[in-house]
Amino acid sequence: MCHSIVVRTQRVVMPHITVKLWPGKSEEQKKQYAERIVEEAIKIMGSAETSLSVAFEEISPDDWKDRVYTPEIVKHWDELYKKPGYQM
């Protein structure tokens with residue numbers, strides 16, 4: 001008699017991290033920042049390196065208030081783990 005055992009593993013794919021910033025940082029700065037984010041996510045969140053992704057979205061200073069500050073900071077103030085030290 002032959003028995004098969006099926007082992008199911010949960011596939012964890014997370015997190016995807018988007019950093020929004022003003023234009024002007026070099027590709028090397030963004031690469032180093034992404035590497036540090038990944039290192040910390042592995043240590044703190046227990047993510048596998050292969051599960052992580054990091055993107056940078058450059059937002060012009062003229063668009064920051066309408067595209068980031070109001071919709072993502074002000075409207076979600078109570079959900080922020082780190083609040084900014086500026087107001088617009």
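- At most 12 heavy atoms of other shown residues, nucleotides or ligands fall within 6.0 angstrom of atom CD in E49.
- Only one option out of K30, R67, K20 pairs with E58 in a salt bridge (charged side-chain N to carboxylate O under 4.0 Å, His left out); it is K30.
- Linking ILVMFWY residues whenever their side-chain heavy atoms come closer than 4.5 Å, directly or via other members, leaves M45 and I42 in distinct clusters.
- When the side chains of ILVMFWY residues are joined at heavy-atom separations under 4.5 Å, either directly or via intervening members, I59 and I73 end up in a single hydrophobic cluster.
- Following chains of ILVMFWY side-chain contacts shorter than 4.5 Å, one cannot reach I37 starting from W22, and the two form parts of different hydrophobic clusters.
- Heavy atoms only, all atoms of each residue included: S53 and H16 are closest at OG-ND1, 2.6 Å.
- When every heavy atom of S60 is checked against every heavy atom of P23, the shortest pair comes out as CA-CD, 4.0 Å.
- Linking ILVMFWY side-chain heavy atoms closer than 4.5 Å, directly or via other members, places V68 and F56 in two distinct hydrophobic clusters.
- Under the 4.5 Å side-chain heavy-atom criterion for ILVMFWY residues, a single connected hydrophobic cluster contains both L52 and V19.
- For Y69, the OH atom is densely surrounded, since the number of other residues' heavy atoms within 6.0 Å is greater than 12.
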Under 3.5 Å, side-chain donor or acceptor atoms of residues 81-88 against the rest of the protein: list the pairs with distances, not counting sequence neighbours.
| residue | atom | partner | partner atom | Å |
| --- | --- | --- | --- | --- |
| K83 | NZ | W77 | O | 3.3 |
| K83 | NZ | L80 | O | 3.4 |
| Y86 | OH | W64 | NE1 | 3.0 |

